[in-house]
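Reading through the structure tokens given below for one structure.
Convention: sequence-line order gives letters A, B, ...; per-chain numbering from 1. For the numbers below, each heavy atom of this structure counts, side chains included, while hydrogens, waters and symmetry mates do not. Quantities reported herein were computed from a predicted structural model and do not represent experimental measurements.
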Number of protein chains: 2
Amino acid sequence: MPNAFREPFLPLIRELVRTYQAFEAYSNAHVRELGLTPPQFDVIATLGNTPGMSCKELSERTLITKGTLTGVIDRLADKGLVGRQALAEDRRSVFVALTDAGQTLFDTVFPAHLAHMRQAFAAFDNDDLARQIAELAALRRAFGTAMEHYKR
Amino acid sequence: MPNAFREPFLPLIRELVRTYQAFEAYSNAHVRELGLTPPQFDVIATLGNTPGMSCKELSERTLITKGTLTGVIDRLADKGLVGRQALAEDRRSVFVALTDAGQTLFDTVFPAHLAHMRQAFAAFDNDDLARQIAELAALRRAFGTAMEHYKR
DNA sequence: CTAGGATAGTTCTAATTAGAACTAAATGGC
DNA sequence: GCCATTTAGTTCTAATTAGAACTATCCTAG
């Protein structure tokens, strides 16, 4: 959203959007080479080395909306990578876990992806990372606070 | 993409994703109230106060891919907000500009949206903004550099 | 205990996304 | 001038997105 009006925050918005897109481009280039879509990878990564979890928890952890998550899980189930089970203690809930094939895939692709991402961060030390995290957190909180006021 | 492995950059990735999503949630809540989708708003904002431009330039400025842009422009044209024209000097090109109705809408919604976004940044001074821009730019360049090496 | 309200997951809609395929047009090396 | 290559925009596919509607289930106040 360019166009003048001399608002000093506009360049920051632009930088945030471009940084996020650069991240996605870099991360997703690798994920797609693994034969997965980005959301599919997120689900597998989140389920990896866990006994599984409810759709609700998976949605919260991956930030994928529940409507979309159903489709993502469907397609992963079709690939034989995840399985669904009813939950006895809450019959509205569905328990989702990696299959053996899914866990095997996780064991292969997750370390590879970490190595891929690590390359982008090679030039940053821990102080750099901590500083960037703090700046982003401040920004995120500002949007969250503004959102609370807006919804009022 | 949670899961241990103790990689110090993982929290930064998470923060970037969450900050971007917080931005989108805040920005889009307002845009949707204006009766537009986020990409539609971007196109109108980009075309506002300009004589118009080619699809290619519009795509570059909004970061909307050309396949998607065709659909976005189609729907804006259906709303009577933009018009298309052939370009005499390059017959492959299409020139896109706001209609009078589109420019009127821009004159109404763009300042409103700036005011909306300004609220989120109220607590930041110009030094804050400059610092955040610099941190994000460093991060973006790191992804860009890693991407160049990856493509090689 | 009961009923109203909240919730989990699925289904649905309109829109968007990446990227490929395509056609028409432009470009530039030879 | 010719032709191979590149490019602009459209069309297409599979997947995803936000959010609403829905059904079944759970929770809690009275």
Atom CD of Glu24(B) and atom C1' of dT17(C) are separated, to the nearest Å, by 12 Å
Residue among Phe124(A), Phe23(A), Tyr20(A) satisfying ring pair (Phe, Tyr, Trp, His ring centres under 6.0 Å) with Phe143(B):
Phe23(A)
Which pair of heavy atoms, one from Ile64(A) and one from Ser59(A), lies closest together, and at what distance?
O-OG, 2.7 Å
Round to the nearest Å and state the distance from Gln85(B) atom CD to dG9(D) atom P.
14 Å
Does Leu10(B) share a hydrophobic cluster with Val43(A), counting links as ILVMFWY side-chain heavy atoms below 4.5 Å and allowing steps through other members?
yes
5'-most by nearest nucleotide on DNA chain C - Gln21(A) or Phe95(A)
Phe95(A)
Ignoring hydrogens and angles, answer whether the base of dT7(C) and the side-chain atoms of Arg92(A) contain a donor-acceptor pair closer than 3.5 Å.
yes
Selection from dT10(C), dT16(D), dG9(D) that lies nearest to any side-chain heavy atom of Arg84(A):
dT10(C)
For the helix from dC1(C)-dG30(D) to dC30(C)-dG1(D), what angle lies between the axis at the first five pairs and the axis at the last five pairs, to 10 degrees?
30°
Could you state the CD-P distance from Glu89(A) to dG9(C), rounded to the nearest angstrom?
12 Å
Nucleotide of dG19(C), dA25(C), dT10(C) approaching Arg32(A) most closely (side-chain heavy atoms)
dG19(C)
Whether Ser59(A) contacts dG9(C) is assessed here as follows: a side-chain N or O lying under 4.0 Å from the phosphate OP1 or OP2. Is that the case?
no
Here the residues of residues 65-79 of chain A within 4.0 Å heavy-atom distance, strictly under, of DNA chain D are Thr65(A), Gly67(A), Thr68(A), Val72(A), Arg75(A)
Length of the line joining Lys56(A):NZ and dT7(C):C1', which is rounded to integer Å
8 Å
Under 3.5 Å donor-acceptor, Ser93(B) side chain and Ser54(B) backbone
no
Round to the nearest Å and state the distance from Leu58(B) atom CG to dG9(D) atom C1'.
12 Å
Anything under 30° is parallel, anything over 60° is perpendicular, the rest tilted; go ahead and classify Phe121(A) against Phe9(B).
parallel
Find the distance Arg91(A):CZ to dC27(D):P and express it as a whole number of Å.
12 Å
Which nucleotide sits closest to the side chain of Gln40(A): dT16(D), dT25(D), dA8(D)?
dT16(D)
Of dT25(D), dG9(C), dT17(C), the nucleotide closest to the side chain of Asp90(A) is dT25(D)
How many whole angstroms separate atom CD of Glu60(A) from atom C1' of dA8(C)?
11 Å
Please report the interatomic distance CD(Gln40(B)) to CZ(Arg32(B)), rounded to the nearest 0.5 Å.
10.0 Å
At less than 4.0 Å, is any side-chain N or O atom of Ser93(A) found next to OP1 or OP2 of dT25(D)? Yes or no.
no
May I have the distance from Met147(B) (atom CE) to dA18(C) (atom P), rounded to whole angstrom?
12 Å
Which label fits His30(A) and Tyr150(B): parallel for a plane angle under 30°, tilted from 30 to 60°, or perpendicular past 60°?
perpendicular
For Leu63(B) and for Ala88(B), locate the closest nucleotide of DNA chain C by heavy-atom distance; then report the residue assigned to the nucleotide nearer the 5' terminus.
Leu63(B)
By the 4.0 Å heavy-atom rule, please label Ser54(A) as base, sugar-phosphate, or nothing.
sugar-phosphate
Which atom of Ile133(B) lies closest to which atom of Glu15(A), heavy atoms considered:
O-CG, 3.8 Å
May I ask whether Val82(A) and Phe95(A) are part of the same hydrophobic cluster, defined by side-chain heavy atoms of I, L, V, M, F, W, Y residues being less than 4.5 angstrom apart, directly or through others?
no
Where at least one partner belongs to residues 119-130 of chain B, residue pairs that pass side chain to side chain donor-acceptor pair (under 3.5 Å), sequence neighbours excluded
Asp128(B)-Arg131(B)
